[in-house]
Structure formats: C-alpha cells, structure tokens
> 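First the structure, which I've put down as structure tokens, then a few questions once you've had a look.
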Amino acid sequence: MASSLTVCRLHMRGRSWLVQCLQKVETCLHRGVGTNTVPAQAEATRKDESDEKEKDGRKSLYVVQAERQEQAERSVLISCHSRTNEKKFLKYLSRHGDIKKHFFYESYGIYAVVEFANQDSVASLLEEAAIPSDSHDSMVPFKSRLLSLRNVSSVDSPNQQSGYQCQPQTTTPINELIQRLSREETIDQQITSLTEAYQLTEENSRLRFLVCSLLKDIAAAYFPECTIKPFGSSVNGFGKLGSDLDMFLDLDGISGRNVKMPKSGPLLEYQMKRANSERAVTQSILSVIGKCVDQFGPGCIGVQKILNARCPLVRFSHQPSGFQCDLTTNNRVAMKSTELLYLYGELDPRVRCLVFTVRCWARAHGVTSSIPGAWITNFSLTVMVLFFLQRRSPPIIPTLDHLRDLAGPADKSVIEGNDCTFVSDFSKIQLHSNTETLEQLLCGFFEFYATFPFTRMSINIRKGKEQNKPEVAPLHIQNPFETSLNVSKNVNTAQLDRFVALCQESAWLLQQNGTNTPTGLKGGNTPTPWGLASLLQPSQVAGIKSRKKRKREPASERIKSLLESLKNKNQQKTS
Ligand code: CTP
Ligand code: MG
C-alpha cells in the first residue's frame, strides 16, 4: 500500500495523472462497504454487476465487503506470550490446516490474528482448545474464537529471538508526524505522507472485520443468520488507526421482508412477538445483545446500553483489539452515508488526502475530540471537505443529486421514507478536469471556511451549493439522506468561532514565505517545521475559548495582518 501511495506523492499532473493515480492507489479497504439496503432482487443484480466488474480487475464494494467478512470467519484471535516463537506457533496451528495469513500486534499484551485457508480448520482448532482450568475465578463457559496460547513449549527463553514483528495499531504521535512532514520537500508530499501515516493499515482493517465477526458469534446465539458489519470510518476510507469501530447488527437476512406470498397453497409463518414500534424492537434487541456482550463476551469491557439516543446503541471497549465499539441495529441510513463517503473517496485521490489532512489538523487543534460534546465531529468535517470540493471551479466531485440522477434500477434505495438512491457504478461518473494541487486545495479549504457565511447559510452536498439555513443553529450541515436533520446540531457558537479563527490563521500561514517553503535543519538533526507541519503546531488563536473573551481582547497584530491579507486577496479575485 505504501508503495502505491507514493504514486500519489508526485505533484498533480493533470487529468491523466489523476486517472492513473486513482487506478493505482490501493486502499486497504478496497470497496469494503457495500450495502444491503436495496431489495433482494436489486441486491442480486448488483452482485451480478460486481462479478462482471471483477473480470476487468476492479472489484465492487459489495464483493470486497463479502470477501473481508468471509476472511474474518476463517480467522481466530490468539493472546500470546511476548516470547512466543513464531515458527513453533505456526507449526502448532497448521496441524489444523493451511494458514493463509497471520500477523502479530500489541494491545495490553501480544495478540496474533491467524487466518486459515478453510473454515474447517477453525472448527478443528476450537475442538482441541481447552476450558481454562488453572484459574480460581468462576467462568461463563462461552466458547469463542478469542483464545489464549498456554503451551509453554512454544515460548522461547528470555535470550532467544521470538521472530515476530508487531504491526502498529496506533497512529504516529503528533510530534513525530510534525518532524516527518518537516523533512518533505513540498506541501503536496507532506499531505500524502500524512495520509500514509494515518490511514488504516491492511492489518487494522482485517482486525476490525474480525471483531465484528466475533461479536456476530455472540449475537448469533439469538439470531443465527445475523451479520455484523462495520460502518463509518472503519470502512468509508477516511478512518485512521485509533478510530472507533461502528458496527451494524444486520437482521434483514432473517426478517423475511422480501419473501413473496404464494398466490395459492398453504404457507407456514413464524409466530413472532409484536412490539409497538421499530424503535421498541431495536431497543429490546440491543438491550439483550448488550447484556450478552457484557456478561458473556470475552474481552468486552465497560458495556453501556445507550438505548434512549436518537439512534440506540451499545458502547463498549474490546480490549484485545483496543477498539472502542458502538453497536447499532436498524441504522441503514448510516450504512448508506458510509457507502456515499466511500464512493467520493474513490472518485479522486485528492479527496482522501484532503480529508485526512483536515481531520488531523482539526484534531491537533482540539477542533474535534474523542469525547462527545459541542465539538465538530469528523463526520461533519468530512462533509465540509466534500462540499468544498464540489464548490471548486471546475468541481472535483459531483453533487449527490447528480449521483442520484446517474443511478440505475438496482441502485434504488428508500429507507424509512428517505431517498438514499445514488449510482454505484463508478464508470458512469464523469469527472471534470480539475488539476489543482493538494497545496492549492488545502489553502483553498482554509480560505473558503475562513469567509463562509455560516450565520445565514447551510452546507448541502446534495445540491453542491449553500442553501438558506432552515433552522437556527451556529453550524448547519444538511444530513445527505435524512434531509430534515442537521449533522452538526451539537456544535455551539464558541466551537464554530474557534474553527473559523483557525481556518483564518492557517490560510494566512500558508501564504507566508517563511511557512510555505522548507527551512532546513534546526540545531542537531531536527528539521524546522514548515508548511503543513507548522499548521499542526499549537496555534496563536487556539486560546480563543468564547466570543466574550475574544471581544475583550484586542486582536493581535498577527491576526490583523492575516485578515488584511485575506481581504486583499478576495478583492483581487473579485476585481
Ligand atoms: N452518521 C450520520 N449522521 C451523523 C453522525 C454519523 O449519518 N450525525 C453516520 C456516518 O455514516 C458516520 C457514521 O455514522 O460515518 C459513524 O459516525 P461517527 O463514528 O461519529 O463518525 P466516523 O465517520 O466513523 O468518524 P470517526 O473516525 O470520528 O469515528
Ligand atoms: Mg466512527
């Protein structure tokens, strides 16, 4: 993946370069999102179309998601000793069948993900696994594919090399990233380097699907035909190491909504418990599964059932993987927005690069936070980047309305009255030939939002044009599918002001000669932060906490000259 991304590292070289780059940039997810929100007939058509695509070397979203799920079903997660001998460990496991892939990682101990070539091997391995006998604690006898290696003969003595290498599961610390970026020669290179450092790795992506599969085994005690699918940034192409794992418990395979009544003859029906509403069903299912995860789920800790939220969920930490997990059900619109974001990310390599950069910049300045609150969320920020890219001249990505107009019959999707239809066939989407560099786009993003009329206008990726705000809210971003909802309803004025001030400052910094060119090494071997690296450093305006405080303080010379420079630039543009 790293080597293919270096293709992206080159400066933008026009449309043909973009097409090449798009073909070559390999994401660890490929098209791992897919959807089951279309009726069964449409889904079958999509699968046929996907199979067609596979022939020309491009796999569809649907196919890759199915592949990842199937891969996860053939995998086990094993807690190992830090001195586990890799060779002996693999030899021991391969008595159950061929191992296709394995890797080690560290999360409160050393773990190995082992993917067998056949599912029978997993069954054989589980057959042989023992119930823990050396513990004094009482245990819930729930058997899962999360195991511990206890065989001491596979562990080396302290002075022997164990042989394995741990795959990183956490992001590069910000200071290290700043140093790494400072060594690059152009801002475009800095942006692609940041993307490489932050995006999900192949291994992390596999682990996400494996955790979903382990969770499915628990839910399957009640709903044997269910699936659990990752959604959100785990699969939309914008996730980074450390992002939470959003999971969707899909019961549609069981619900029988698509079964046709025969015109004549008898038909047996299941008797089922009735509830007052879909929401009540969702709440009762999540309540029971949440209890199961809490009491039987190995490695699942801190389980919270948040059933009264707009979208009920079960939140917990999966300790062996280190993922913070949110489990939902009946959340099909979010699956669709995941698929939409994925599609946008695939259309042009600059989309993903810019989203990663803006997300990282926002995190570095505390614009976003892992704690829920009045902060702008990563999802909102991603939609803001997409909107900005739709507003370029010519646009880099199409509007959602245009994607809907290109949709075929198999793409039709209406969920709870919301039109979620958009094209899934990439070849139908014609892009404009915009050749702006990543540096131009990053600077453009900051300028765009430094001067955006937030008080009056709403951000709308369906129309690709700002719309009058339909309701009072400091920041209004229309939900792409549930169009009456504001994605950023939680954001307060202070947080929006801070975002705008930081955009102003970053736009200004990128225009300064001292910032936008490499400045060489400081004392020793440490490079002086420049370009993107200097934007990630603590800000001069970061101290702004609220409007009140800002009003009392005179604007610094730095901010004054920044606003002046932006004003001049805008005047030049309009004259
Ligand atoms: N979502 C949505 N409307 C919202 C919030 C979230 O439709 N107001 C959907 C989006 O598809 C989003 C997913 O739910 O991608 C998961 O939400 P969240 O975890 O908040 O965002 P992520 O995109 O996963 O980003 P992060 O890396 O911060 O988790
Ligand atoms: Mg998420």
Side-chain angles (χ1 to χ4, degrees), residues 28-36 43 47 50-51 54 59-79 89-90 93-105 111-129 142-149 167 200-231 234-235 245-254 289 292-293 296-300 318 320-321 323 325 327-329 335 338:
C28 56
L29 303 161
H30 307 280
R31 303 212 165 113
V33 177
T35 178
N36 275 341
E43 189 133 299
K47 189 169 183 331
S50 305
D51 293 345
E54 221 170 336
K59 291 176 185 174
S60 79
L61 301 166
Y62 182 83
V63 165
V64 179
Q65 187 195 33
E67 272 179 14
R68 285 261 183 229
Q69 276 175 345
E70 196 265 333
Q71 222 170 44
E73 296 279 301
R74 287 186 278 104
S75 302
V76 292
L77 183 53
I78 305 177
S79 161
F89 173 67
L90 293 178
L93 293 179
S94 54
R95 292 183 302 116
H96 298 282
D98 290 344
I99 294 169
K100 229 176 158 183
K101 160 126 187 154
H102 77 281
F103 64 89
F104 291 87
Y105 68 91
Y111 284 87
V113 171
V114 180
E115 181 201 334
F116 284 96
N118 291 302
Q119 206 159 358
D120 294 350
S121 309
V122 175
S124 154
L125 181 113
L126 294 183
E127 189 106 327
E128 197 186 83
F142 177 75
K143 293 177 174 179
S144 80
R145 283 178 287 141
L146 172 60
L147 303 147
S148 299
L149 182 67
Q167 296 298 324
L200 293 185
T201 58
E202 159 73 19
E203 287 77 17
N204 193 270
S205 185
R206 277 172 178 264
L207 190 55
R208 283 170 191 265
F209 276 86
L210 177 52
V211 172
C212 287
S213 173
L214 296 177
L215 255 289
K216 188 219 69 178
D217 290 349
I218 299 177
Y222 290 97
F223 306 107
E225 293 149 74
C226 74
T227 52
I228 292 190
K229 294 172 177 161
F231 72 99
S234 295
V235 281
L245 172 57
D246 303 295
M247 292 182 277
F248 171 69
L249 170 65
D250 189 352
L251 300 172
D252 254 19
I254 321 170
I289 303 292
C292 242
V293 170
F296 303 162
C300 301
H318 186 257
S321 62
F323 295 140
C325 302
L327 177 67
T328 55
T329 186
M335 292 295 287
T338 299

> Set out, in order, the CA-CA distance, both residues' side-chain angles and the distance that settles side-chain contact (heavy atoms from CB on, under 4.5 Å) for Leu77 and Leu210, then state yes or no.
CA-CA 8 Å; Leu77 183 53; Leu210 177 52; 4.0 Å; yes
> Quick one, Arg145 with Ser213, criterion side chain to side chain donor-acceptor pair (under 3.5 Å). Give me CA distance, side-chain angles, the key distance, then yes/no.
CA-CA 9 Å; Arg145 283 178 287 141; Ser213 173; 2.6 Å; yes
> Any Lys/Arg nitrogen of Arg74 or Glu115 sitting under 4.0 Å from an Asp/Glu carboxylate oxygen of the other?
yes
> Begin from the C-alpha positions of Arg68 and Gln71 and carry the test side chain to side chain donor-acceptor pair (under 3.5 Å) through to its verdict.
CA-CA 5 Å; Arg68 285 261 183 229; Gln71 222 170 44; 3.3 Å; yes
> According to the interplanar angle, ranging from 0 to 90°, do the rings of Phe142 and Phe296 count as parallel (below 30°), tilted (30 to 60°) or perpendicular (above 60°)?
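Ring orientation, 0 to 90° scale: parallel.
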> Given Ser121 and His96, is the side chain to side chain donor-acceptor pair (under 3.5 Å) satisfied, shown in steps?
CA-CA 5 Å; Ser121 309; His96 298 282; over 6 Å; no
> Identify the heavy atoms of Pro298 and Leu146 that sit nearest to each other, and give their distance.
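Closest approach of Pro298 to Leu146: O-CD2, 3.5 Å.
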> Within a strict 4.5 Å, meaning less than it, do heavy atoms of the Leu215 and Met247 side chains meet?
yes
> Measure the CG-NZ distance between Leu126 and Lys143 for me, rounded to the nearest 0.5 Å.
8.5 Å
> NZ/Lys229 to SG/Cys212 distance, rounded to the nearest 0.5 angstrom?
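So the NZ of Lys229 and the SG of Cys212 are separated by 10.5 Å.
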> Find the distance between CG (Asn118) and OG (Ser124) and round it off to the nearest 0.5 Å.
11.0 Å
> For Phe103 together with Tyr111, are the ring centres under 6.0 Å from each other?
no
> Working to the nearest 0.5 Å, report the span between CZ of Phe223 and CD1 of Ile218.
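Reported to 0.5 Å precision, the distance equals 14.0 Å.
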